[in-house]
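Structure first, commentary second.
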Amino acid sequence: MNSYAIVAIYVLFWVISAFIVLPFGLRTPDETGDLVSRGHADSAPVNFRPWIVVLRATILSALLFGAYYANYVHGWLTAEQIASYFRVT
């Protein structure tokens, strides 16, 4: 696997991880008891911290990509094995 493929696959893992960790730790005004100001959606978070999301997504994507790359190198699970699992007999 060349370095461009490694970077591209890691970026894909990072984006997916960011969407996975995005809702964790967010609180709405109803949950915190804050008053909703005019023009503020009721479902919008009051404590959004983007750097925490970036950190969590980076950690999760590193773990997932590490597992993916280890599987790529060692061949623990192949496409043929996955296809045979879903094959109807």
Side-chain angles (χ1 to χ4, degrees):
M1 184 179 312
N2 64 19
S3 60
Y4 295 117
I6 289 173
V7 170
I9 293 170
Y10 179 78
V11 168
L12 288 174
F13 273 110
W14 194 92
V15 170
I16 291 168
S17 297
F19 279 108
I20 290 171
V21 301
L22 192 61
F24 293 116
L26 295 180
R27 301 287 179 257
T28 62
D30 290 336
E31 295 171 338
T32 60
D34 293 343
L35 295 175
V36 179
S37 60
R38 187 171 180 196
H40 191 269
D42 293 335
S43 60
V46 294
N47 65 338
F48 181 65
R49 295 173 297 183
W51 292 112
I52 298 296
V53 173
V54 168
L55 178 66
R56 290 175 180 169
T58 302
I59 292 169
L60 180 60
S61 63
L63 292 172
L64 292 175
F65 180 76
Y68 169 80
Y69 190 74
N71 183 53
Y72 176 80
V73 170
H74 297 291
W76 297 322
L77 186 62
T78 63
E80 291 81 20
Q81 290 172 334
I82 295 172
S84 68
Y85 179 75
F86 290 108
R87 189 171 301 140
V88 177
T89 57

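Here the structure is a predicted model, which is why all the values come from computation and not from measurement.
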Nearest heavy-atom pair of [X] and [Y]: which atoms, and what distance?
| X | Y | value |
| --- | --- | --- |
| Ala57 | Val21 | N-CG2, 3.9 Å |
| Pro29 | Ala44 | CD-O, 3.3 Å |
| Thr28 | Ser43 | CG2-O, 3.8 Å |
| Val53 | Ala18 | CG1-O, 4.3 Å |

query: How many angstroms lie between atom CZ of Phe65 and atom CD1 of Ile16, to the nearest 0.5 angstrom?
result: 12.5 Å

query: Is it the case that more than 12 heavy atoms not belonging to Tyr72 sit under 6.0 Å from its OH atom?
result: no

Is [Y] reachable from [X] through a run of I, L, V, M, F, W or Y residues, each pair having side-chain heavy atoms under 4.5 Å apart?
| X | Y | result |
| --- | --- | --- |
| Ile9 | Val73 | yes |
| Ile52 | Leu22 | no |
| Met1 | Trp14 | yes |
| Leu64 | Leu55 | no |
| Val15 | Tyr4 | no |

query: With distance as the sole test, does Arg56 use its side chain to make a donor-acceptor pair with the main-chain N or O of Phe24 at under 3.5 Å?
result: yes

message: Between Asn47 (side chain only) and Gly25 (backbone N and O only), is there a donor and an acceptor less than 3.5 Å apart?
response: yes

message: Is a donor from one side chain sitting under 3.5 angstrom from an acceptor on the other, for Thr32 and Asp34?
response: yes

- request: May I ask you to decide if the ring planes of Tyr68 and Phe13 are parallel, tilted or perpendicular, using 30° and 60° as cut-offs?
  value: tilted

